[in-house]
Amino acid sequence: MHPDLGFAHSSRLMSGMRRQYPFHLIEPKSQSRWEAEQTFRAFNPGDEVPAEHPFGKRHDLGGRQATAAELPPKYYILDMFPYPSGAGLHVGHPEGYTATDILARYQRARGRHVLHPMGWDAFGLPAEQYAIQTGQHPRLTTEANIATFKRQIQSLGFSYDWSREVNTTDPDYFRWTQWIFLKLYNSWFNPATNRAEPIETLTYPNDCDTESKRRAHRDGKRLAYVSEAPVWWCEALGTVLANEEVIDGRSERGNHPVVRKPMRQWMLRITAYAERLLADLDTIDWSDSLKEMQRNWIGRSEGAEVDFAIARPTAAGLTESAGDPVTAACLAEQLTGTDKIRVFTTRPDTLFGATYMVLAPEHPWVDAITTAEQRATVEAYRTEVAKKSDLERTELAKEKTGVFTGGYAINPVNGERIPIWIADYVLISYGTGAIMAVPAHDTRDFEFATKFELPIVQVVQPPVEQADWRGFTGDGTSVNSTGPEVSITGLPTSEAKSKIIAWLEEQGLGQKTINYKLRDWLFSRQRYWGEPFPILWRKDEDGVPYHEALPESALPLLPPALDDYKPTSDGQPPLARAQEWLNLPDGATRETNTMPQWAGSCWYYLRYLDAANSGCFVDGDAEQYWMGVSNPKSEIRNPKSAAPGVDLYVGGTEHAVLHLLYARFWHKVLFDLGHVSTAEPFYKLVNQGLIMGEDGQKMSKSRGNVVNPDEILAEYGADAFRLYEMFMGPLQDSKPWNTKGVEGVYRFLGRVWRLFIDEAGEKDFEQRCMAQPGEEASFLAELKPAPRVQEVAPTAAQLKGLHACIKKVTEDLDGMRFNTAISAMMVFVNEAGKWEIRPAGLLRTFLQLLAPLAPHLAEELWAKLHEHLAQVAPSLSYAPWPAFDPALLVEDEIELPVMINGKVRDHIRVPADADNDAVQAAALAAERAKSFLEGKTIKKVIVVPGKLVNIAAG
RNA sequence: GCGCGCGUGGCGGAAUUGGCAGACGCGCCAGACUUAGGAUCUGGUCCCGGAAGGGGUGGAGGUUCGAGUCCUCUCGCGCGCACCA
């Protein structure tokens, strides 16, 4: 039979698609071995480690229970769990997962006890919308999607501990989400201790003399409370949205229009934690840009609140007062009573420059101060503003609008009478909803004053002489800032601020204040597919409704079965359709809102620690071992924080504020209440970059540039896919996909394969597979390493090549530089491919380096290189990471460039330990160098030991 | 507008504290093996130039013996926030 006859009948082989190596046999083989062995299971303190488990063997813990102190140092490496959509996995998902898997495998080899779990963030709108359309229960859709995601993720060979898998829609999971909600509900934030405390520690003011007053006081302090405030209502989605879910007046999901609407909603008091959420950013290892995004979101600004008296039109002696000083005594008289407007400013040093005041159109004082002549104008403006959506209000903000109310206020520092305007550039929701306008030193006020011809008075001198003070908003020196009672003229901005604040406080006219952009978190949604609130509503003796918590024993509170998942016709959430569920025999009714999708993802990293625990959200010992620094052997040393929490968390930037801020908030509450041992959940966080389509555009169905991982896997295998995702470039960068690049790393894996398996063996193997396709697996098992692979001592050069590779790969994995680690392995393999005799021991060490990145191929070859010694291979997953020997990397003689005036002109070889004088002499004696120096005077010779020689000549 | 980040071959990217720019991979060119090659192996590949040599890290200056790296200005791109007083 002609040897090539078989090939001709395979379209795959004929078309040049011949596999570089039999990954289609190797990958399922490795994966089923890991599954059978439970290779990647992590053990909680007190768990029995099976006698034969490779982790137990490595750490001498097999066959017994290990205490936290006996377990090796932990390494908790976490991926942002996915929302399992119907579309299946996208090539972007596995990028982060591959990076964490490589590190998880690397850290196991380094001897760490690795916790690397995966789960499903499975509540959410798409499954619910599908349910509305088809009547199919969202659980069925969700389960099908999870099955697809799980199959796809598992086909990549990730070393997750699947025994810890969580699913936010599982009653055994959301029971604890509800439990945490009850913790929030039953706690208040004590400003004196700066932390959350059980609601029982709340003290009541003396006037709380009835139970209903006490209840009102208590309900006003809870971390989870009910508010009637205006919220973002999205008609298309049939639900309210959090501030964070609204972008430019449209829903983040689906880009539907949203409107403001007052509704009764559950809120979480995240603002109480604003300062701690901000301050603790300094204790964690996140990228600067991410921290900056969180800081911006929290939006802390320091300044002062200042009271401006309202000048009533009837007030005598307060008419136009050109040079007619109004005394502080007169002002004090004005400020008795409540006729004052409080403004917030970050620049109290510019008080003397306040030439008018602006209120938000919705400000409660507007009616009272508007004069009869202006009333029609003011009303018209307010109506116009109310009609505008917030989108228009911000997008059309290029041109300032506003109207005069006819009212005046008194500037407390100089008694000036200033007009009060209303304008929509002042927001009711920030600060006090009112500002003092300093047009000379605030861009917005400047634009407004210019348009409406309001006076502009300089009160800050810019530090640079020539600079125009008009519109100058930086720090400088106060000028024109002397009043009858106080002067800050001549003071630099920071001193001027503190002096004027001190004076205001003394006079009872204002005080130092800190404001945050952060708002409380709108926590309820009018949906079906989310966690029901464990809350009942009752009415008191006066018929006033009030809420009360279900007991913990009533958890989990399951959502009712429904035939129709739409909201009710009168706009009630879908849960209101279930009358039996809704109405309790004792007359109470259930809360019909559900929690937002963020709820489940706020704490899933804690559930992984003890996923099957039915008595507790997480066992204390497990929590302390995996999250804390209580383990004396822990290698994590965080200088600023007592605790690391999750050692490494990898995910996309899309969660930079929402998920990460919410999770930090919940974690801090749990910390305050003593349920977790660290103040922060995620010590180190890395955002992977976006993978774009081959055209350099963001991948999307409409562009048709989406790459399906299943197809790549079928053609090149999981190892090549993993390797390519890492080889594309730095993890944090965005980069375009290029399938040709996959072929590059695939060829590299083929070269690795051929280092071990020679052509003759391979050909024979392929022919046998072709003849008996059913026997492929056993033919693979019989395949022997090439005769060139021998148990011999390596040469010095071979050892040096290997150890250079160990060094580079080790350092690069530590620094998460996967692309250059792969490049180092390519260099090694290119070199090793030339060796006539390939020392087996050396190749085994190389496989250990390759194993975290291409684990399937490494396992297969590792097994073969032990079989040929008639040994059963030890577990590659737990084989100790090779150390490099620096002594092997030292050169006796080194080549140095000789530069003349910074240009390389020659090279010299000198002993590695040659002193500078010897190197200089050698450089000056170098032939080519000499010819360049002819006719020139040598001014200076710089010798950088081990690097180069530079001769400055002219 | 403000804040953060980034600009290096035809392409993705290397160059860890200022020290031989372009590692590694893709693509391309040539060769070997071959009935064949979209397999594999070998060599080449920043630009100009036959060579010698010269030029070169978005642009313009500067510091330095020496700059992709540091400083100043400027242009371009990406991300975030967006009237937050």
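By convention in this document, chain letters (A, B, ...) are assigned in the order of the sequence lines, proteins followed by strands, and residues within each chain are numbered from 1.
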Closest to side chain of A:Glu292, choosing from B:C26, B:G3, B:G25: B:G3
Could you measure between the two C1' atoms, the one in B:U57 and the one in B:A15, and give it in whole Å? 11 Å
Euclidean distance, atom CD of residue A:Glu766 to atom P of B:A39 [Å, nearest integer]: 15 Å
Taking the side chain of A:Ser823 as its heavy atoms from C-beta onward, which of B:C65, B:A85, B:A23 lies nearest to it? B:A23
Ignoring the backbone of A:Lys834, work out which of B:C65, B:C24, B:U42 is nearest its side chain. B:U42
Would you measure the distance from the P atom in B:A23 across to the matching atom in B:G10 and give it in whole Å? 14 Å
Identify whether any heavy atom of A:Thr432 sits under 4.0 Å from a base atom; if not, whether one sits that close to sugar-phosphate; answer base, sugar-phosphate or nothing. nothing
Under 4.0 Å from OP1 or OP2 of B:A85: is there any side-chain N or O of A:Asn515 that close? no
Residue pair A:Asp288/A:Lys740 against RNA chain B: nearer the 5' end by closest nucleotide is A:Asp288
A:Arg747 side chain N/O closer than 4.0 Å to the phosphate oxygens (OP1, OP2) of B:G27? yes
I'd like to know if the side chain of A:His441 reaches the main chain of A:Val459, judged simply by a donor and an acceptor atom lying under 3.5 Å from each other, with no hydrogens or angles considered. yes
Of A:Glu895 and A:Ile822, the one whose nearest nucleotide on RNA chain B sits closer to the 5' end is A:Glu895
Taking atom P in both B:U34 and B:G13, compute the distance separating them and give it to the nearest angstrom. 41 Å
For B:G61 and B:G12, measure between their C1' atoms and round to the nearest Å. 32 Å
Please tell me if A:Ser301 has a side-chain N or O lying less than 4.0 Å from either OP1 or OP2 of B:A85. yes
Looking at every strand, decide which applies to A:Arg295 at a 4.0 Å heavy-atom threshold: base, sugar-phosphate, or nothing. nothing
Taking all atoms of both residues into account, what is the closest heavy-atom pair of A:Thr346 and A:Lys497, and its distance? O-CE, 3.4 Å
Nearest non-hydrogen partners of A:Gly402 and A:Phe452, listed with the distance: O-CZ, 3.6 Å
Output the rounded distance in Å from CG (A:Asn738) to C1' (B:G25). 10 Å
Of all the choices, B:C24, B:A23, B:C65, which nucleotide is nearest to the side chain of A:Phe727 once you look at every atom? B:C24
B:A85, B:C24, B:G54: which one has an atom nearest the side-chain heavy atoms of A:Ile435? B:A85
Do you know which of A:Arg751, A:Arg754, A:Arg747 makes side chain to side chain donor-acceptor pair (under 3.5 Å) with A:Gln20? A:Arg754
Could you pull out the closest heavy-atom pair between A:Ala821 and A:Asp812, with the gap in Å? N-OD2, 3.2 Å
Just to verify, which of A:Trp835, A:Phe828, A:Phe756 counts as forming a ring-ring contact (aromatic ring centres under 6.0 Å, His included) with A:Phe846? A:Phe828
Could you please name the option among B:C26, B:G19, B:G25 that lies closest to any side-chain atom of A:Val944? B:G19
Which heavy atom of A:Glu725 sits nearest to which heavy atom of A:Ile691, and what is that distance? OE1-CD1, 3.6 Å
Which one, B:C41, B:C24, B:G19, comes nearest to the side chain of A:Arg754? B:C41
Any donor-acceptor pair under 3.5 Å joining the side chain of A:Asn950 to the base of B:C65? yes
Considering only the C1' atoms, how many Å lie between B:C2 and B:G56, rounded to the nearest integer? 36 Å
Span that lies between the P atom of B:G18 and that of B:C65, in whole angstrom: 16 Å
Taking the side chain of A:Arg905 as heavy atoms from C-beta outward, which of B:G54, B:C20, B:G25 is closest to it? B:G54
The nucleotide from B:G19, B:C24, B:A85 with an atom nearest the side chain of A:Val827 is B:C24
Separation of atom CH2 in A:Trp286 from atom C1' in B:G80, rounded to whole Å: 15 Å
Work out how far the P atom of B:G68 is from that of B:G9, and round it to whole angstrom. 14 Å
Under 4.0 Å between a side-chain N/O of A:Gln732 and OP1 or OP2 of B:C6, yes or no? no
Give a yes or no on whether the ring-centroid distance for A:Phe448 and A:Tyr356 is below 6.0 angstrom. yes
Could you list all N or O pairs between the protein and nucleotides 16-18 of chain B that sit under 3.5 Å apart?
none

Just how far, in rounded Å, is P of B:U40 from CD1 of A:Ile757? 17 Å
B:G1 P sits how many Å from A:Asn296 CG, rounded? 18 Å
Using 4.0 Å as the upper bound for N to carboxylate O, is an ion pair formed by A:Glu766 and A:Arg19? no
Pairing pattern in dot-bracket form [Watson-Crick, G-U; both distances under 3.5 Å; | = partner strand] for RNA chain B: (((((((..(((......[....)))((((((.......))))))(((....)))..(((((..]....))))))))))))....
For A:Phe818 and B:A23, give me the distance from atom CZ to atom P, rounded to whole Å. 23 Å
Using a strict 4.0 Å threshold on nitrogen-to-oxygen distance, state whether A:Arg300 and A:Glu275 make a salt bridge. yes
Starting at atom CG of A:Leu290, determine the distance to atom P of B:C4, rounded to an integer number of angstrom. 15 Å
For residues A:Ala824 and A:Val809, report the shortest heavy-atom separation together with the two atoms involved. CB-CG2, 4.4 Å
Between P of B:C20 and CD1 of A:Ile908, the distance in whole Å: 15 Å
Give one of base, sugar-phosphate or nothing for A:Asn830, where a contact means two heavy atoms less than 4.0 Å apart. sugar-phosphate
With a 4.0 Å cutoff (strictly under), does any side-chain N or O of A:Arg751 reach OP1 or OP2 of B:G25? yes
Sticking with atom P, work out how far B:U8 lies from B:A14, rounded to a whole angstrom. 11 Å
So, is A:Lys903 close to the B:G55 phosphate, meaning a side-chain N or O under 4.0 Å from OP1 or OP2? yes
So, A:Asp282 and A:Arg295, do they make that salt bridge, N to O below 4.0 Å? yes
Picking from B:A85, B:A14, B:G27, the nucleotide nearest the side-chain atoms of A:Thr820 would be B:A14
Would you call A:Lys735 and A:Asp733 a salt bridge, using N to O less than 4.0 angstrom? no
At 4.0 Å (heavy atoms only), tell me whether A:Lys517 reaches a base, stays on the sugar-phosphate, or touches nothing. base
B:G13: syn or anti, per glycosidic angle within 90° of 0: anti
